[in-house]
Protein chains: 2
Amino acid sequence: MKLSKTSEYALRILSYMAKDPSQLYTAKQLIETLHISDKYLRQLMTGLTKSGLIYSIQGRDGGYSFAKKPTEIFLSDIVDSVEGMNRYTGCILGFEHCSDDNPCVMHKVWVEARKEFIQTFTTKTLDKLNLEGVNKF
Amino acid sequence: MKLSKTSEYALRILSYMAKDPSQLYTAKQLIETLHISDKYLRQLMTGLTKSGLIYSIQGRDGGYSFAKKPTEIFLSDIVDSVEGMNRYTGCILGFEHCSDDNPCVMHKVWVEARKEFIQTFTTKTLDKLNLEGVNKF
DNA sequence: TTAATATACTATTATAAGGTAGCATTTAAC
DNA sequence: GTTAAATGCTACCTTATAATAGTATATTAA
């Protein structure tokens, strides 16, 4: 019931940016505000750029900004772009061929338990979060 | 939204054993039926033994059996004993001090999303699973 | 008491995730 | 053009998880 560290970072960064979505953010600024290591953040941002959630401007006075509006970015989009689709689906017992039609013994329990999670993350957009105090930590 | 491989194995093994809970199962039998590697399964079983879910009988004609009845073993007990308590709780954004009183921006969303998971795993016991075809994979 | 058949323990190896380093590339101010 | 300030790329290092190997210990049947 954990997401990867990389997902945590991606959600933190984009939540922070969503508070003022039209701004251009430099890597330096994000690093200092959110306390994420330099090179790791850049890698992550490159990934988010390639997946189309943000765009980057290279060179002097460059930085990152939203490519889609926060009203159009679902939380699941962020997780999916970092972890690869379906990372957080799949059988809890690790069976390859487990499905609704051919369920493992824990299938029903697992599917119901994660339904709320998937439901929330595929319907909530970035702007729906209460972004007050987004960088207070 | 994943559990560790070790949790997967633990759930698989105990689900299998729960179909005939009074039986004494040898490591060999579990390995052959469930296709888990020899030494890894033994390590795992030693851990489950220490956490009090099963007991082991050493020596010739030994094996593993339930220390608690499947009706008394919650799915969360199994996961907790393998992963350590609270492995699947904690803040989705990785903030140490995030709590109901001092929530991060995603706290509310996250708490609601995982509620069903925690609810299910802390209330469902092993015997409540539909154990038909537990070893068909 | 010996041999056979179990589990227990400890150390090692392999793989994946997380994180770091250095150089290359791009762009705007001057 | 040159320089400064920004992102991009690739390779490497570190740490944690997963898996393996070998030896020790326990128990029972003969």
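Quick note on labels: first sequence line is chain A, next is B, and so on, each numbered from 1.
We find that OH of B:Tyr40 is positioned 17 Å from P of C:dC9, with the value rounded to whole Å. Between B:Gln29 atom CD and C:dT5 atom P there is a gap of 16 Å when expressed in whole angstrom units. Atom pair B:Leu41:CG and D:dA21:C1' shows a separation of 16 Å (rounding to whole Å applied). When rounded to the nearest whole Å, the span between NZ of A:Lys5 and P of D:dT17 equals 12 Å. Rounded to a whole Å, the CG atom of B:Leu44 is 14 Å from the P atom of D:dT17. For the pair B:Asp38 CG and C:dA6 P, the interatomic distance rounds to 12 Å; values are reported in whole Å. Note: CG (B:Leu3) to C1' (D:dA18) measures 16 Å, nearest angstrom. Atom pair B:Tyr9:OH and D:dT17:P shows a separation of 15 Å (rounding to whole Å applied).
Residue A:Ser37 has a polar side-chain atom (N or O) positioned under 4.0 Å from OP1 or OP2 of C:dT20.
With side-chain heavy atoms closer than 4.5 Å counting as contact, directly or through intermediates, the hydrophobic cluster containing A:Leu24 also holds A:Tyr55, A:Ile57.
With a 6.0 Å radius and a threshold of 12 heavy atoms from other residues, nucleotides or ligands, B:Lys19 has its NZ atom above the threshold.
Interatomic distance, A:Leu41 CG to A:Ile13 CD1, rounded to the nearest 0.5 Å: 4.5 Å.
In the model, A:Thr125 has a side-chain atom that pairs as donor or acceptor with a side-chain atom of A:Asp127 under 3.5 Å.
Side-chain atoms of B:Thr33 do not come within 3.5 Å of backbone N or O of B:Leu30 as any donor-acceptor pair.
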Q: Mark up nucleotides 2-12 of chain D, 5' to 3', with B wherever a protein heavy atom is under 4.0 angstrom from a base atom, S wherever such an atom reaches only the sugar-phosphate, and - elsewhere.
A: ---BBBSSBB-
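For the residue pair A:Leu53 and A:Asp77, the shortest heavy atom distance occurs at CD1-O, 4.0 Å.
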